[in-house]
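Accompanying notes for the structure given below.
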Amino acid sequence: MSEMPLIETEKCDGCGLCVSVCTCGALRIVDNVISLVEMEDCGWCTQCELVCPNGVISFPFEIVTEES
Ligand code: SF4
Ligand code: SF4
């Protein structure tokens with residue numbers, strides 16, 4: 001996967017919730033702001049996006065389902 005999660009660090013308050021749900025160790029709090037430090041470890045589970053109360057993390061893809 002070549003795309004990166006979008007991280008709007010200016011909205012991050014350093015609460016650490018995303019780090020606590022990331023099972024891949026891809027996220028760290030650095031200087032009280034989220035940092036994606038191990039991108040190659042990210043499994044794109046999107047849990048960090050779901051748990052963040054400030055909408056800091058988003059993923060540049062959209063899942064579209066079609067009815068057959
Ligand atoms: S998408 Fe999943 S694996 Fe990747 S940084 Fe977020 S919580 Fe961690
Ligand atoms: S959950 Fe959101 S606000 Fe909290 S540290 Fe992670 S990115 Fe920042």
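All values below come from the heavy atoms of this structure, side chains included, with hydrogens, waters and symmetry mates left out. As the structure lists them, so they are numbered: ligands from 1, and atoms in each ligand from 1.
Per-residue contacts place Val56 under 4.0 angstrom from the following atoms of ligand 2 (heavy atoms of the residue considered): 2 (Fe), 7 (S). Heavy-atom proximity to Ile34, at under 4.0 Å, picks out these atoms of ligand 2: 7 (S). Close approach to Cys24 involves these atoms of ligand 1, each under 4.0 Å from a residue heavy atom: 3 (S). Applying the 4.0 Å criterion to heavy atoms of Leu27 picks out, from ligand 1, the atoms 5 (S). Ligand 2 places these atoms under 4.0 Å from at least one heavy atom of Asp13: 3 (S), 4 (Fe). Against a heavy-atom cut-off of under 4.0 Å, Cys22 is close to the following atoms of ligand 1: 3 (S), 5 (S), 7 (S), 8 (Fe). Distances below 4.0 Å separate heavy atoms of Asn54 from the following atoms of ligand 2: 3 (S).
In the hydrophobic cluster analysis, where Ile, Leu, Val, Met, Phe, Trp and Tyr join through side-chain heavy atoms closer than 4.5 angstrom, Ile34 is grouped apart from Leu6. A continuous path of hydrophobic side-chain contacts links Phe59 to Val19 [ILVMFWY only; heavy atoms under 4.5 Å]. One hydrophobic cluster, built from ILVMFWY side chains closer than 4.5 Å, holds both Leu36 and Ile29.
Summary of contacts: the protein heavy atom closest to atom 2 (Fe) of ligand 2 is Cys52 SG, 2.3 Å. In terms of protein heavy-atom proximity, atom 5 (S) of ligand 2 is nearest to Gly16 N, 3.2 Å. Here the heavy atom of the protein found nearest to atom 6 (Fe) of ligand 1 is Cys48 SG, 2.3 Å. Of all protein heavy atoms, the one closest to atom 8 (Fe) of ligand 2 is Cys12 SG, 2.3 Å. Looking from atom 4 (Fe) of ligand 1 to the surrounding protein, the closest heavy atom is Cys42 SG, 2.4 Å. With hydrogens left out, the protein atom closest to atom 1 (S) of ligand 1 is Thr46 N, 3.3 Å, a heavy atom.
Here the side chain of Asp31 pairs no donor or acceptor atom with the backbone of Val33 at under 3.5 angstrom.
Remark: among candidates Pro5, Cys45, Ala26, Gly43, the nearest residue to atom 7 (S) of ligand 1 is Cys45, based on non-hydrogen atoms.
Ligand 2 has no atom lying under 4.0 Å from any heavy atom of Val51. A heavy-atom separation below 4.0 Å is found between Ile29 and ligand 2.
Using a 4.5 Å heavy-atom cutoff, the side chains of Leu50 and Thr46 are in contact.
Residue contact annotation: Cys18 places no N/O/S atom under 2.8 Å from atom 8 (Fe) of ligand 1. Note on Cys15: not counted as a metal contact of atom 2 (Fe) of ligand 2, no N/O/S atom lying under 2.8 Å.
With a heavy-atom cut-off of 4.0 Å, Trp44 touches ligand 1 through its backbone alone.
Between Asp41 and Cys24, the shortest heavy-atom contact is O-CB, 3.0 Å. The shortest non-hydrogen separation linking Gly25 to Cys22 is N-SG, 3.6 Å.
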The test is side chain to side chain contact (heavy atoms under 4.5 Å, CB included); show your working for Ile7 and Val56 and say whether it passes.
CA-CA 6 Å; Ile7 300 181; Val56 173; 3.8 Å; yes

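Checking each of Pro5, Cys18, Ser58 against Glu49 for a side-chain contact (heavy atoms from CB on, under 4.5 Å) leaves exactly one that passes, namely Ser58.
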